[in-house]
Amino acid sequence: VREKRLTLPPSEITML
Amino acid sequence: STLVRVAKSATTLGIAVEGGANTRQPLPRIVTIQATRGGSAHNCGQLKVGQVILEVNGVSMRGREHRDAARLIAEAFKTKERDHVDFLVTEFNVAL
């Protein structure tokens with residue numbers, strides 16, 4: 001699970 | 001977790017969020033609270049950078065991708081049905 005997490009992409013950031 | 005009611009006291013909400021399903025940050029997290037030309041969040045004074053948003057007006061953020069979560073927050077601020085937005089937030093990055 002930990003390895004899978006690390007492969008997830010970073011998120012974009014949205015200004016609201 | 002904490003329920004924070006943000007009154008729509010300014011024309012903008014004034015927060016930046018990152019995260020969503022299928023990213024390293026699975027729930028939206030507050031990364032900025034706009035202080036200059038303060039938005040409603042700044043005026044409220046109870047939202048903080050680093051808090052993770054669990055629900056908006058009772059709607060869960062779980063499983064929502066970034067754009068969907070951002071759209072829900074934007075719509076909650078835009079709707080004229082309420083003069084406030086309720087955020088359920090936590091200081092902790094809850095595991096999913």
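Reminder, nothing fancy here: chain letters follow the sequence lines and each chain counts from 1. Everything quoted here is computed from the prediction, not taken from an experiment. Atoms considered below: every heavy atom in the structure, side chains included; atoms not considered: hydrogens, waters and symmetry mates.
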Identify which part of B:Arg29 has an atom lying under 4.5 Å from any heavy atom of chain A, answering side chain, backbone, both or neither. neither
Where do A:Leu16 and B:Ala70 come nearest, in terms of heavy atoms and distance? CD2-O, 3.6 Å
A:Thr7 side, atom OG1; B:Arg24 side, atom CZ - distance, nearest 0.5 Å: 8.5 Å
Looking at every heavy atom in both B:His66 and A:Glu12, which two are closest together, and how far apart are they? CE1-O, 3.2 Å
Can A:Met15 be reached from B:Leu72 by stepping across I, L, V, M, F, W or Y side chains whose heavy atoms are under 4.5 Å apart? no
Is it true that B:Leu88 and B:Val52 fall in one hydrophobic cluster, defined by side-chain heavy atoms closer than 4.5 Å? yes
For the interface with chain A, which of B:Thr12, B:Thr32, B:Asn22 has the highest count of heavy-atom pairs at distances below 4.5 Å? B:Asn22
Take a 6.0 Å sphere around CZ of B:Arg71 and say whether it holds more than 12 heavy atoms from other residues, nucleotides or ligands. yes
Any side-chain heavy atom of B:Thr23 within less than 4.5 Å of one from A:Leu8? no
Any link between B:Leu54 and B:Ile33 through a network of hydrophobic side chains (Ile, Leu, Val, Met, Phe, Trp, Tyr) touching at under 4.5 Å? yes
Which pair of heavy atoms, one from B:Gly19 and one from A:Ser11, lies closest together, and at what distance? N-OG, 2.6 Å
If one checks every heavy atom of B:Val17 against chain A at 4.5 Å, the contacting part turns out to be both
Gap between atom OG1 of A:Thr14 and atom CD1 of B:Ile15 - 0.5 Å precision: 10.0 Å
For the hydrophobic clusters of this structure (ILVMFWY residues joined by side-chain heavy atoms under 4.5 Å, transitively), does one cluster hold both B:Val59 and B:Val6? yes
May I ask whether A:Ile13 and B:Val89 are part of the same hydrophobic cluster, defined by side-chain heavy atoms of I, L, V, M, F, W, Y residues being less than 4.5 angstrom apart, directly or through others? no
